[in-house]
Amino acid sequence: MSDRPEIEIAGLGKTFGQGANAFTALQDIDLTIDTGEFFTLLGPSGCGKTTLLRLIAGFEAPTKGSLRIGGEEVAGKGPNERPVNTVFQNYALFPHMTVAQNIGFGLKMLGKPRAEVDKTTKEMLALVRMEAMADRKPSEISGGQQQRVALARALAPRPRVLLLDEPLSALDLKLRKEMQGELKRLQTETGITFVFVTHDQEEALTMSDRIAVMSAGKILQLGSPSEIYHRPSVRFVADFIGETNFLDLPVTAVESGKATVALPGGTQAEASLPDGLTPAVGDTVTTVIRPEQAQVVAPAEADMTGTLESHVFFGTDTYLHLRLPGGEPFTLRRQNTVLADEPEPGTEMPIRLTPGALRILRE
Amino acid sequence: MGKHGWKWLLSAPALFVLVLAASGPLTIVLVYSFLSPGTLGGVSWEFSTEAWFRVFFSRDIFDPEVVTWNTAHLTIFWRSIWLSLQTTFICAVLGFPTAWFVATRSPHNRAFWLFLITIPFWTNLLIRTFAIQELIRNSGTINSLLMWMGAIEEPIQMLYTDFAVLVGMAYVFLPLMVLPLYAAMDKLDFRLVEAGYDLYASRWRVLRHVILPLVKPGFIAGSILVFIPAIGAYVTPRILGGGRTMMMGNLIGLQFGQGQNWPLGAAMSMLLLIIVVGALMMYLRVVNQGGGERRG
């Protein structure tokens, strides 16, 4: 992966309709995607991620802003004039063509000589392990196979950027896991920039180099999977990805980049701050901490104490649902590394938080 | 009555329709075509192949042994086929963009456009045909307008020509092309069109390589639906073609009317049926081929 920008987006906006019916799907997106990056747009349906993808592909024209691919402004260029190919959500394979004809279509339209089309088609069939299916029609192969053909078809013209619109959502769980690995392998092998759209946070976390979390037409946070997971900066991101405890706590001290808050029960704890946020001492801030970043410990080591209300056994882990002294709910995820007895409801549980795991949100 | 008897009874309405309403009249026509004409219309019950002979050939008035092709009949048959093919072609060319326009409207607006397209269906055919006559006759709207504009000095003879029949038939049968085309386009997955653009195809090449192959069943169904009634058209050539541009339907009508030769009319009707069945079989063949392709 190099740091050469592949896609540069500045002030990009898209509004559908006019007047009272106008709906702004995207507002002022600024975004740079690097060459060879596996970039994911993550968000719930209706957040604008698919609109952004369609703007990059050229299926929609932006209302404002600029969009450069490989350093070249592409506004006003059709999808057929952009070095970008798309893997559609339901694959959109041409039903009247064979698997091989589907894969060769892009090259044929680019006017490549027949020998080259055939050669590349063969290579692509091998790349996605579909050599045996070359002469079948899309209706005669399984969903997973169609998915691979759609990938091969989009990769065959060797685009600068491959756009993937929730390509795995139609597959069952096992196949989806398999295809996640396959996609990652293809991306590494070809070195093509992948822009991947999904609403599945797990998919995003496992596959991406960087993730942009989107909501209501805006990018809320941009960062590596671990940044997004461990250092959410707004409530939506913390809530959308993984499970989270939210605690409203008073600030007792502020330093550069971090603050000290008072936990329920009075213990002081350090919490990290999003860039540019400096709360004042005495402010109440919303903090988040993941259930696995709290442990049940001996009373002497505890940061705070919670009363057990219920527990849910998951095999590898047990979720302990506690109530803190101020009445706040708190969930703790205990890894079952030892064969502990399941605790009784009502038990007082001393809790220690992983140092540095507490995070203050920008709200 | 046993169990099967009941089932038989339940299928009675269908059998009634099939036997009496469909096969019955057809059988009568077939039988009539092998009888001799009665004196004042009707038939006389003597077996004869003369009617079938006369469909294609004529005998010299003075010497019945001298046989020549009946060029009058053959010209009319050929004109019927040729005009119907042209009508089908015109309907396809006009119908495709029309159906495309409707299919690409929002679902809410489609019903409205489809309604507009089907309105002529609910208007009497005679009235519509007279309306066209009014437009194209020598002192009609178009000629008057052109003369008023000074574009022409003399009215253009449009009425009572093949052109008039063609315009009339294309107008009357256009919805029969638009509707199946629309149905095919409605089923068309527009993401396939996007996929085509995405894979570097220009608009024309998307049309040629993606859209046309996928709406082909609509074209075939529409062509059949237009061709079959067109070749048997009666009212349109009668009014817009006058007596000069006759089609098979008019020729058949003539045999049962003024011609007073029912067996000849019956034989011609059977010939028309054979042409229609032939067209249908070609249709089925193309459709089955399409299915075969899909199966690989």
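Residue numbers begin at 1 in each chain, while the letters A, B, ... track the order of the sequences.
Within a 6.0 Å radius of CZ in B:F89, other residues, nucleotides and ligands contribute 12 heavy atoms or fewer. Applying the 6.0 Å contact sphere to CH2 of B:W113 captures no more than 12 heavy atoms from other residues, nucleotides or ligands. By the 6.0 Å contact criterion, CZ on B:R105 is enclosed, its count of non-hydrogen atoms from other residues, nucleotides or ligands being greater than 12. Annotation: A:K184, atom NZ; neighbour count of heavy atoms from other residues, nucleotides and ligands within 6.0 Å is above 12. Atom CZ of B:F101 has more than 12 neighbouring heavy atoms from other residues, nucleotides or ligands inside a 6.0 Å radius. Atom CZ of A:R158 has 12 or fewer neighbouring heavy atoms from other residues, nucleotides or ligands inside a 6.0 Å radius. The number of heavy atoms from other shown groups lying within 6.0 Å of CZ (B:F163) does not exceed 12.
Ranked by heavy-atom pairs under 4.5 Å with chain A, the first of B:V193, B:D198, B:D189 is B:D198. Per-residue heavy-atom pair counts under 4.5 Å with chain B were compared for A:T98, A:L163, A:N80, and the maximum is reached by A:N80.
Heavy-atom proximity under 4.5 angstrom to chain B picks out nothing from residues 13-27 of chain A. Contacts from residues 83-94 of chain A to chain B, taken as heavy-atom pairs separated by less than 4.5 Å, involve A:P83, A:V84, A:N85, A:T86, A:F88, A:N90, A:A92, A:L93, A:F94 in sequence order.
Residue A:F105 holds its CZ atom at 8.0 Å from CZ of B:R205, rounded to the nearest 0.5 Å.
Heavy atoms of B:L214 lying under 4.5 Å from chain A belong exclusively to its side chain.
Counting all heavy atoms, side chain and backbone alike, B:H209 lies closest to A:K108 at CE1-NZ, 4.1 Å. Closest approach of B:L199 and A:M109 over heavy atoms only: O-CB, 3.4 Å.
With a 4.5 Å cut-off on side-chain heavy atoms, A:R54 and B:E194 count as touching.
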